[in-house]
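Heads up: the structure comes next, in structure tokens.
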Amino acid sequence: MGDQGPTPPIWLLPEPPERGWGLGRVDIVNAAVRLADHGGAEALTMRAVAKELGASTPMSLYRYVHSKDGLVDLMLDLANGEVRTPEVPGEDWRGELTAVAVDTWAMTKRHPWYARLVHQRPPAGPNASRRTEFVLATFDRLGQDLASALGYARLLDGYVTGQALQWAEERAMWQRNAFVDVVDVQRQARAWFGDVVSEDGPYPLLVRVLESFLAERHDAAGETGADGAGSGAEAAGAGRVDEADREVAGAGRAVESGQQGSGLQGSGQQGAGRQGSGQHGSGRVGSGQHDSGRQGSGQAADAHAPADARKVAAAAAEDAQFELGLECLLDGIAARLR
């Protein structure tokens, strides 16, 4: 926002014709997503994007995106292009809404900046509009008036975005404190609270939660237990390690040329964000770099294996916890619809 008021959404501004020097709107937005995936929303500056692209000056980018707000509009919609929705609502409304919410959650984990930026700009892009229209149509098909449908849509979106923002901020805290995985968090918590926990104090249930967390084991196989019995969230996530690993392997596919129709050109193609060339999120550029830390000696790969396994198990547990909350939310909606 400037002194003249809010910047109009980029969808209301004309797209300039491409010039013949090899740079266009798609390239600019993909570069911005790579930067933000790697460094967070704070890393997103026009100067940094220009440097990423090898452009002579940040001013050369404004012709294509009009402003930084316009760039954010395009980034948000590109990310929304990764969320799949059916063409029309079907009979299994709970299953379909669950799939859309879980897909959105997975997208926000690939792009942690999304939850921080999504409420700063109007969700007016073609992919965001497609997703919202589907949710509204689902409740309309269930006989709800438009105001009720919009309320349910906001409730679902608020849950997903709130969980995503909490996840992103926790990961940022881990980075600031150089935590590699949950074992590092346990070590710090044990140093701070290990000698002071007491069920005789005013918060006995919180003390039990802390004691359970400190007692959890995280072995090389990614399994978790507390004195032989894992916590509920970790136990629920343990069976999803393989699924989480596949999700990690596919992360970040929104950042390449296969997405050129995923909202940057206004087409709103479903699933277009999944047509990339194998790039993996967090700013990693080029195919195959997801395994870059594992291509050295066998000893180096073995040294990282326990921590990697713990990360996969933790991600599966986070997903299980997210889906538990989503199920409770949908239970409440279903009860009101009866």
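Along the sequence shown, residues are numbered consecutively beginning with 1. Because the structure is predicted, anything quoted here is derived from the model rather than measured. Side chains included, hydrogens not; waters and symmetry mates left out as well; all remaining heavy atoms used.
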**Prompt:** Does atom CZ of R154 have more than 12 heavy-atom neighbours from other groups under 6.0 Å away?
**Reply:** no

**Asked** Counting N and O atoms only, with roles assigned by atom type, does the side chain of H119 sit under 3.5 Å from a partner on the main chain of T161, one being a donor and the other an acceptor?
**Response** no

**Request:** Please check if the side chain of E96 supplies one atom and the backbone of G90 the other of a donor-acceptor pair under 3.5 Å.
**Result:** yes

**Message:** Can you see whether D27 engages Y64 through a side-chain donor-acceptor pair at a distance of less than 3.5 angstrom?
**Reply:** no

**Request:** Please check if V83 and L165 belong to a single hydrophobic cluster, counting links between Ile, Leu, Val, Met, Phe, Trp and Tyr side chain heavy atoms closer than 4.5 Å.
**Result:** no

**Asked** In terms of ring plane angle, is the pair W105 and W167 parallel, tilted or perpendicular, where the classes change at 30° and 60°?
**Response** perpendicular

**Asked** Does V185 belong to the same Ile/Leu/Val/Met/Phe/Trp/Tyr cluster as V180, with side-chain heavy atoms less than 4.5 Å apart forming each link?
**Response** no

**Prompt:** Mind checking whether P86 and F134 have side chains closer than 4.5 Å, heavy atoms only?
**Reply:** yes

**Asked** Do D140 side-chain atoms and L136 backbone N/O form a donor-acceptor pair below 3.5 Å?
**Response** no

**Request:** Please answer whether the main-chain N or O of A32 pairs with a side-chain N or O of E52 as donor and acceptor at a distance below 3.5 Å.
**Result:** no

**Message:** Test of understanding: with salt bridge (Lys or Arg N to Asp or Glu O under 4.0 Å), list the residues that count as partners of D145, not counting sequence neighbours.
**Reply:** none

**Prompt:** Under 3.5 Å, is there a donor-acceptor pair between the side chain of E82 and the main chain of L78?
**Reply:** no

**Message:** With rounding to the nearest 0.5 angstrom, report the OG1 to CG distance, T98 to D103.
**Reply:** 12.0 Å

**Request:** Test side-chain contact (heavy atoms from CB on, under 4.5 Å) on E91 and R141 and set out the steps.
**Result:** CA-CA 9 Å; E91 295 293 334; R141 189 176 186 275; 2.9 Å; yes

**Prompt:** Between the side chain of D157 and the main-chain N/O of A153, is any donor-acceptor distance below 3.5 Å?
**Reply:** no

**D69 and R121 ion-paired at < 4.0 Å** = yes

**Item:** Check: D73 main-chain N/O paired with D77 side-chain donor or acceptor under 3.5 Å
**Value:** no

**Message:** Can a donor-acceptor pair be found, under 3.5 Å and without considering hydrogens, that links the side chain of T132 to the backbone of A128?
**Reply:** yes

**Request:** Flag the pair K109 and E318 as a salt bridge only when some basic side-chain nitrogen lies within less than 4.0 angstrom of an acidic carboxylate oxygen.
**Result:** yes

**Message:** Using modelled atom types and a 3.5 Å cut-off, is there a donor and acceptor pairing between side-chain atoms of D181 and backbone atoms of K311?
**Reply:** no

**Item:** V160 reachable from L324 in the ILVMFWY side-chain graph, under 4.5 Å edges
**Value:** no

**Request:** Check the hydrophobic clustering (I, L, V, M, F, W, Y; side-chain heavy atoms under 4.5 Å; chains of links allowed) and say if L150 and Y159 are grouped together.
**Result:** no

**Fill in**
Exactly one candidate in M46, R25, R47 meets side-chain contact (heavy atoms from CB on, under 4.5 Å) with L61; the answer is M46

**Request:** Decide, yes or no, whether a salt bridge links R116 with E42 under the criterion of side-chain N to carboxylate O below 4.0 Å.
**Result:** yes

**Prompt:** Considering only heavy atoms from C-beta outward, does the side chain of L44 approach that of W113 to under 4.5 Å?
**Reply:** no

